[in-house]
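Just so it is clear, the model here is predicted, and its values are computed rather than measured. Computed from heavy atoms alone, side chains included, the values below leave out hydrogens, waters and symmetry copies.
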Amino acid sequence: MENGSVNHEMETASTITIKGILSLLMQNLDENNCKRLIPLGMGDPTLYSCFHTTHVAGQAVVEALQSDKFNGYSPTVGLPQTRRAIAEYLSSDLPYKLSCDDVFITSGCTQAIDVALAMLARPGANVLIPRPGFPIYELCATFRRLEIRYYDLLPENGWEVDLDSVEALADQNTVGFVIINPGNPCGNVYSYQHLKKIAEAAEKLKIPVIADEVYGHLVFGDNPFVPMGVFGSMVPVLTLGSLSKRWIVPGWRLGWFVINDPSCMFKNPKIIERIKKYFDILGGPATFIQAAVPHIIEQTDNVFFKKTINTLKQTSDICWDMIKEIPCLTCPQKPQGSMAVMIKLNISSLEDISDDIDFCFRLAKEESVIILPGTAVGLKNWLRITFAADPQSLKEALGRLKSFCKRHTKLMLQQQQ
């Protein structure tokens with residue numbers, strides 16, 4: 001400890017993982033603290049009882065398992081009926097139809113990220129990644145020896161892409177342009193107009209867009225969810241998604257990698273063969289989980305989705321309202337979608353805390369509340385708060401956060417002296 005602050009050795013940006021940092025924060029909890037743990041760091045809504053999957057999903061898995069038809073290996077690219085169901089599901093929001101051959105089944109969206117970067121990687125290549133963003137992109141790119149070039153998201157503009165910086169960063173060796181919509185970690189949702197500008201920029205630069213839509217349809221603000229694949233005729237779009245968030249089953253590890261390219265600017269026989277060969281070395285989701293997907297997609301009632309959206313809207317409102325009452329924290333935009341929000345930390349108003357990492361470690365020890373330091377997602381002295389929690393727990397956690405901030409403000413410490 002130095003000058004009242006706690007020093008914690010952090011990894012380089014390219015090796016940071018959210019789970020790794022959250023594990024360190026958990027290790028820093030005070031065993032003698034009688035306050036119950038409230039985790040707001042991980043995007044896993046199943047941690048709270050108000051979020052649970054639909055009965056249809058569970059029943060579909062049980063039926064697939066008990067049928068005794070899906071105990072063997074599936075094709076490495078996924079079961080044909082699963083690929084077809086996902087193609088139809090995604091096509092309902094597009095001006096063209098995907099075929100089952102456009103869809104490849106992955107073990108969660110994380111594996112889809114790895115597939116996208118692996119397929120684009122080549123010697124000397126670089127990839128454009130948002131800051132703040134999701135650190136698995138940096139980790140995968142580092143393993144693939146892809147140079148990472150960060151473009152900024154603009155908090156003052158609803159976390160829109162800084163397209164000027166994208167154009168300045170891209171060159172003849174740029175092989176991909178990652179966007180995350182709905183936004184993780186920012187809670188933003190891009191408008192149709194902004195997505196079109198992104199497509200136009202990518203078209204001009206002649207690079208495919210990697211569209212991370214793992215939070216697709218989880219929106220509750222002014223902008224509806226528009227899949228980037230809508231612009232697939234303009235620029236190739238590699239869509240990444242999963243059942244995890246919308247169906248609240250992150251542990252099932254059912255994701256997809258989809259090529260939105262009706263003009264065949266990206267996909268050609270050589271590319272498709274390369275993708276298939278890569279999938280031959282991957283381990284996909286359990287066969288019986290894949291087999292359940294068509295029934296899950298076809299039979300899930302809109303009432304289930306609306307209930308999830310309403311709960312997220314309620315908890316995001318709680319987060320927005322309570323954060324405004326904490327002087328050292330600022331939220332630039334009310335969450336519009338996903339399950340998390342970025343909060344700016346005013347370190348200069350705190351007497352004995354050095355940065356966002358120190359803040360989160362001290363908060364964990366003193367208040368048994370876990371939130372993610374912004375450094376983990378690319379923004380120093382910011383915080384990411386996950387609001388996918390039951391309302392009462394969220395209110396309690398934010399109340400403890402307020403007390404913590406009050407104790408550590410310069411004014412409060414001066415009054416105590």
- Message: Does atom OH (Tyr96) have a neighbourhood of more than 12 heavy atoms from anything else shown, all under 6.0 Å?
- Response: yes
- Which word best sums up how the rings of Tyr89 and His217 line up, parallel for under 30°, tilted for 30 to 60°, or perpendicular for over 60°? tilted
- Measure from the side-chain N and O atoms of Asp390 to the backbone N and O of Tyr48, and report whether any donor-acceptor pair falls under 3.5 Å. no
- Message: Any side-chain to backbone donor/acceptor pair from Arg246 onto Leu218? Under 3.5 Å, distance only.
- Response: no
- Task: Rounded to the nearest 0.5 Å, what's the gap from CG on Asn260 to CG on Leu238? Could you check?
- Result: 8.0 Å
- Could you label the plane-to-plane angle of the Tyr137 and Phe134 rings as parallel, tilted or perpendicular, counting under 30° as parallel and over 60° as perpendicular? perpendicular
- Identify whether the distance between the nearest side-chain nitrogen and carboxylate oxygen of Asp30 and Lys365 falls below 4.0 Å. no
- Report the residues that fulfil salt bridge (Lys or Arg N to Asp or Glu O under 4.0 Å) with Asp317, sequence neighbours left out, ordered by chain and then residue number. Lys313, Lys334
- Message: Tell me if the NZ atom of Lys380 is crowded by more than 12 foreign heavy atoms within 6.0 Å.
- Response: yes
- Query: Donor-acceptor pair, Asn268 side chain versus Ile271 backbone, under 3.5 Å?
  - Reply: yes
- Task: Only one of Arg407, Lys406, Lys35, Arg400 passes salt bridge (charged side-chain N to carboxylate O under 4.0 Å, His left out) with Glu366; say which it is.
- Result: Arg407
- Query: What do you reckon, is NZ of Lys267 surrounded by more than 12 foreign heavy atoms closer than 6.0 Å?
  - Reply: yes
- Query: Which heavy atom of Arg36 sits nearest a heavy atom of Ser393, and at what distance?
  - Reply: NH2-OG, 3.0 Å
- Can you run down the side chain to side chain donor-acceptor pair (under 3.5 Å) pairs that involve residues 275-294, sequence neighbours left out, and say none if there aren't any? Ser74-Gln290, Thr76-Asp280, Asp114-Tyr278, Arg144-Tyr278
- Hey, are Asn184 and Ser338 close enough side-chain-wise for a donor-acceptor pair under 3.5 Å? no
- Quick one: side chain to side chain donor-acceptor pair (under 3.5 Å) pairs with a partner in residues 159-181, sequence neighbours left out? Asn126-Asp171, Asn126-Thr174, Arg149-Asp171, Glu167-Lys204, Asp171-Thr174
- Message: Tell me if the CZ atom of Arg122 is crowded by more than 12 foreign heavy atoms within 6.0 Å.
- Response: yes
- Query: Rounded to the nearest 0.5 Å, how far does CZ of Phe279 lie from CE of Met119?
  - Reply: 8.0 Å
